[in-house]
Colleague: 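Structure provided below as structure tokens; questions to follow.
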Amino acid sequence: MFFSYIFDFFGVKAVASNNVIDYGAIPNDGIDDTAAFHRAIENSDSIVYVPAGEFNLSARLNFKGDTLSIKGDGIGVSKLVWASGSNGIYVEPPSGKHKAAVIQGLTLFTKSSNSGSAYQYNGKNSIVNDHIQPRTRPKVIVRDVELSGYTGATNSGWNTGLIIDTALGVHIDGYYFSGQVKNSTNTPLSSRGIWMRGSGHSVQVTIEEAEIYYTNIAIDVTNHEGLYISESNLVFVNYGLKFANSAVEPQLNLSNSHLNCKIGCVWLDKVAQVSIKDNLMYGHHTSSQSVFGVQLFSGSDHYNISNNTFINTSGSFGFNSVVVHSDKGIISGNIFSLKNKGAGVWFKSSASYGKAINNICNSCATKGLNQGGGTNSINWLW
């Protein structure tokens, strides 16, 4: 084992090094470094450090002890390459472990077309009396991370990018995921770019500057209280965001983002407080079916959908921009450009107390449909 030394009040204290090179990993030599990484994880004090270069791996890296974090020198600089169809990194904090799990400044490649998840965090050991403990600090931080196939999306790629299971306080900032795609039809083959799930009243998930391409669902969230997404690109995906909820007072804030979807851009079920503002959403040009922009199912109440632009990129499919099954909300200041295919606003039979005002509809087949109660109202600026 390799050691560095620090001084404390009582004298010299030995602390294990955190650099994978100190445990036998050699960058850019094409030789398997898995054993060296395992030694670094088992013996480092808190963070495994990956310097510049390309490191080859053949099995999942398990973080289950005192070391929960891994950091490199930047995207495209510190690179981990898995040759087989294995999962990438798995983090499971021991019961009572309070520090955050961090992954930062790394590219995670896979050479396989049947790989599992690139990164998974399992925080079920943190649940005490049905709640994640402690309640005052973040659990997972993902910053400046790239996940993709080694030779491009058509030949290799992860099935799922991030799986974060049972985590209170998650911050994702500067995240890039490129999945697999059937190139002739631009059909996504990977499952999810980000998959948030779990129990224990997970809260405060912030996603900023994410770029997610070629996957069935870009961001899939269940049983979370708060989800905040901004300045992100969710492109060439079947679904941009799916958020289904059973937690207390769930809320969504989606802003300043770009969603290009083949089936639907935003799908919400029982999300009680919804703010969707200043986004660009459009239907995937190779879609063979009707596409929706935002669909709010029953229980997704108290909504504000405003200042978004919805565009149908092809006259070959319908684009129903805002479809509402729920109650109590406003749809205002949006622009719908639909090439005479689809509806701008559609209040379904279960919707009531909804108001659509001051929206602009350019070449909509139907500006507005009101199949709900008489308390809904639709008035157009143009």
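The figures here come from the full heavy-atom set of this structure, side chains too, leaving out hydrogens, waters and symmetry mates.
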Colleague: Does the side chain of Leu227 reach to within under 4.5 Å of the side chain of Leu241, using non-hydrogen atoms?
Modeller: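 The answer is yes; the side chains approach within 4.5 Å.
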Colleague: I want to check something: taking the side chain as every heavy atom from C-beta on, are Lys367 and Cys361 in contact at a cut-off of under 4.5 Å?
Modeller: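 Lys367 vs Cys361: side chains touch.
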Colleague: Checking side-chain polar atoms at under 3.5 Å, does Ser58 have a donor or acceptor matched by the opposite partner on Asp32?
Modeller: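 Distance-only check passes for Ser58 and Asp32.
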Colleague: So, Asn359 versus Asn334: side-chain donor-acceptor pair below 3.5 Å or not?
Modeller: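 On atom types as modelled, these side chains qualify, holding a pair under 3.5 Å.
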Colleague: Return the minimal non-hydrogen interatomic distance between Ser190 and Thr215, and the atom names on each side.
Modeller: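 Closest pair (atom of Ser190, atom of Thr215, distance): O-OG1, 3.3 Å.
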Colleague: Which atoms form the tightest heavy-atom contact between Glu146 and Gly76, and what is the distance?
Modeller: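 It is OE1-N, 4.3 Å.
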Colleague: Heavy atoms, side chains only, cut-off 4.5 Å: are Leu106 and Ile70 in contact?
Modeller: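 Sidechains of Ile70 and Leu106: in contact.
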Colleague: Phe319: which residues meet the ring pair (Phe, Tyr, Trp, His ring centres under 6.0 Å) condition with it, sequence neighbours left out?
Modeller: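 Result, ring pair (Phe, Tyr, Trp, His ring centres under 6.0 Å) vs Phe319: none returned.
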Colleague: Nearest heavy-atom pair of Ala100 and Leu68: which atoms, and what distance?
Modeller: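 Where Ala100 meets Leu68 most closely, the heavy atoms are O-CB, 4.4 Å.
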Colleague: Using the test side chain to side chain contact (heavy atoms under 4.5 Å, CB included), find all partners of Gln295 that sit at least two apart in sequence or belong to another chain.
Modeller: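 If we apply the side chain to side chain contact (heavy atoms under 4.5 Å, CB included) test to Gln295, skipping adjacent residues, the hits are Phe292, Phe297, Val323, His325.
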Colleague: Between the side chains of Thr110 and Ser115, does any donor sit under 3.5 Å from an acceptor?
Modeller: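 Yes, a side-chain donor-acceptor pair sits under 3.5 Å.
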Colleague: So which pairs with a foot in residues 59-91 pass ring pair (Phe, Tyr, Trp, His ring centres under 6.0 Å), sequence neighbours left out?
Modeller: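 The answer is Trp82-Trp158.
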Colleague: Would you kindly say whether Asn279 and Asn308 are connected by a side-chain donor-acceptor distance under 3.5 Å?
Modeller: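 Asn308 and Asn279 do have a side-chain donor-acceptor pair below 3.5 Å.
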Colleague: Holding to ring pair (Phe, Tyr, Trp, His ring centres under 6.0 Å), I want the full list of residues that pass it with Phe55, two or more places apart in sequence or in another chain.
Modeller: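 So Phe55 forms a ring pair (Phe, Tyr, Trp, His ring centres under 6.0 Å) with Phe37.
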Colleague: Under a 4.5 Å cut-off applied to non-hydrogen side-chain atoms, are Met281 and Val266 in contact?
Modeller: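 Side-chain contact under 4.5 Å: yes.
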Colleague: Using ring pair (Phe, Tyr, Trp, His ring centres under 6.0 Å) as the criterion, list what pairs up with Trp346, not counting sequence neighbours.
Modeller: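 So Trp346 forms no ring pair (Phe, Tyr, Trp, His ring centres under 6.0 Å) with any residue.
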Colleague: Is any side-chain heavy atom of Val237 closer than 4.5 Å to one of Tyr214?
Modeller: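 A side-chain contact is absent here, since even the closest heavy-atom pair is not under 4.5 Å.
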Colleague: What are the two closest non-hydrogen atoms of Lys64 and Pro94, and how far apart are they?
Modeller: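 Scanning both residues completely, I find the closest heavy atoms to be O-CG, 3.1 Å.
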Colleague: Is there a donor-acceptor contact under 3.5 Å from the side chain of Asn320 to the main chain of Ala343?
Modeller: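 Judged by distance alone, yes, a pair lies under 3.5 Å.
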Colleague: Pairing donors with acceptors under 3.5 angstrom, does anything connect the side chains of Asn256 and Asp278?
Modeller: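 There is no such pair (donor and acceptor under 3.5 Å, judged by atom type) between the side chains of Asn256 and Asp278.
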Colleague: Does Ile212 form a side chain to side chain contact (heavy atoms under 4.5 Å, CB included) with Val235? I'd like the steps, not just the answer.
Modeller: CA-CA 6 Å; Ile212 300 176; Val235 177; over 6 Å; no
Colleague: Between Asp327 and Ser352, does any side-chain donor sit less than 3.5 Å from a side-chain acceptor?
Modeller: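 The answer is yes; a qualifying pair exists.
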Colleague: Does any part of the side chain of Tyr150, heavy atoms only, come nearer than 4.5 Å to the side chain of Glu54, both counted from C-beta?
Modeller: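 The answer is yes, as the side chains (C-beta and beyond) meet within the 4.5 Å cut-off.
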Colleague: Considering non-hydrogen atoms only, spot the tightest contact between Phe243 and His224 and give its length.
Modeller: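 The answer is CZ-O, 3.7 Å.
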Colleague: Ring centres under 6.0 Å, that's the criterion: do Tyr213 and Phe236 meet it?
Modeller: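 No, the ring of Tyr213 stays outside the 6.0 Å limit from the ring of Phe236, centre to centre.
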Colleague: Hey, does Leu268 have a side-chain heavy atom less than 4.5 Å from the side chain of Leu252?
Modeller: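 Yes, at least one pair of side-chain atoms sits under 4.5 Å.
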Colleague: Mind checking side chain to side chain contact (heavy atoms under 4.5 Å, CB included) for Ser84 and listing every partner two or more places apart, or none if nothing turns up?
Modeller: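 By the side chain to side chain contact (heavy atoms under 4.5 Å, CB included) rule, Ser84 matches Ser86.
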Colleague: Are Tyr23 and Glu42 linked by a side-chain donor-acceptor pair shorter than 3.5 Å?
Modeller: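 Not at all, the side chains of Tyr23 and Glu42 share no donor-acceptor pair under 3.5 Å.
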Colleague: Considering residues at least two apart in sequence or located in another chain, which fulfil the side chain to side chain contact (heavy atoms under 4.5 Å, CB included) criterion with Lys71?
Modeller: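 Result, side chain to side chain contact (heavy atoms under 4.5 Å, CB included) vs Lys71: Ile47, Val102, Gln104.
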Colleague: So, using salt bridge (charged side-chain N to carboxylate O under 4.0 Å, His left out) as the criterion, who are the partners of Asp220 when residues are at least two apart?
Modeller: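 Expected list: Arg192.
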Colleague: I need the Cys364 SG to Phe310 CZ distance, nearest 0.5 Å.
Modeller: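 One finds 11.0 Å between SG of Cys364 and CZ of Phe310.
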Colleague: Report the hydrophobic cluster partners of Ile163, with the cluster defined as I, L, V, M, F, W, Y residues connected by side-chain heavy atoms closer than 4.5 angstrom, directly or transitively.
Modeller: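 Under the 4.5 Å side-chain rule, Ile163 groups with Trp195.
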Colleague: Side chains of Tyr121 and Pro93: does their closest heavy-atom pair fall under 4.5 Å?
Modeller: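 The answer is yes; the side chains approach within 4.5 Å.
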Colleague: Sequence neighbours left out, what passes ring pair (Phe, Tyr, Trp, His ring centres under 6.0 Å) with Tyr119? Give chain and number order.
Modeller: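 Applying ring pair (Phe, Tyr, Trp, His ring centres under 6.0 Å) to Tyr119 gives none.
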Colleague: Given the rule in the side chain to side chain contact (heavy atoms under 4.5 Å, CB included) test, do Lys339 and Thr313 qualify, once you have shown the distances and angles that lead to the verdict?
Modeller: CA-CA 8 Å; Lys339 292 192 175 180; Thr313 58; 5.8 Å; no
Colleague: Would you please name every residue forming a side chain to side chain contact (heavy atoms under 4.5 Å, CB included) with Ser298, sequence neighbours left out?
Modeller: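 Testing Ser298 for side chain to side chain contact (heavy atoms under 4.5 Å, CB included), a comparison that skips the adjacent residues, returns none.
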Colleague: Output yes when a side-chain donor or acceptor of Gln180 lies under 3.5 Å from a complementary backbone atom of Gly157, and no otherwise.
Modeller: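 Yes: the side chain of Gln180 pairs with the backbone of Gly157.
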Colleague: Looking just at side-chain N and O atoms, do Tyr175 and Asp144 make a donor-acceptor pair shorter than 3.5 Å?
Modeller: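 Checked: Tyr175/Asp144 side chains show no N/O donor-acceptor pair below 3.5 Å.
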Colleague: Would you mind listing the cluster partners of Tyr282? Hydrophobic ones only (ILVMFWY), side-chain contacts under 4.5 Å, chaining allowed.
Modeller: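 Members alongside Tyr282: Leu280, Ile311.
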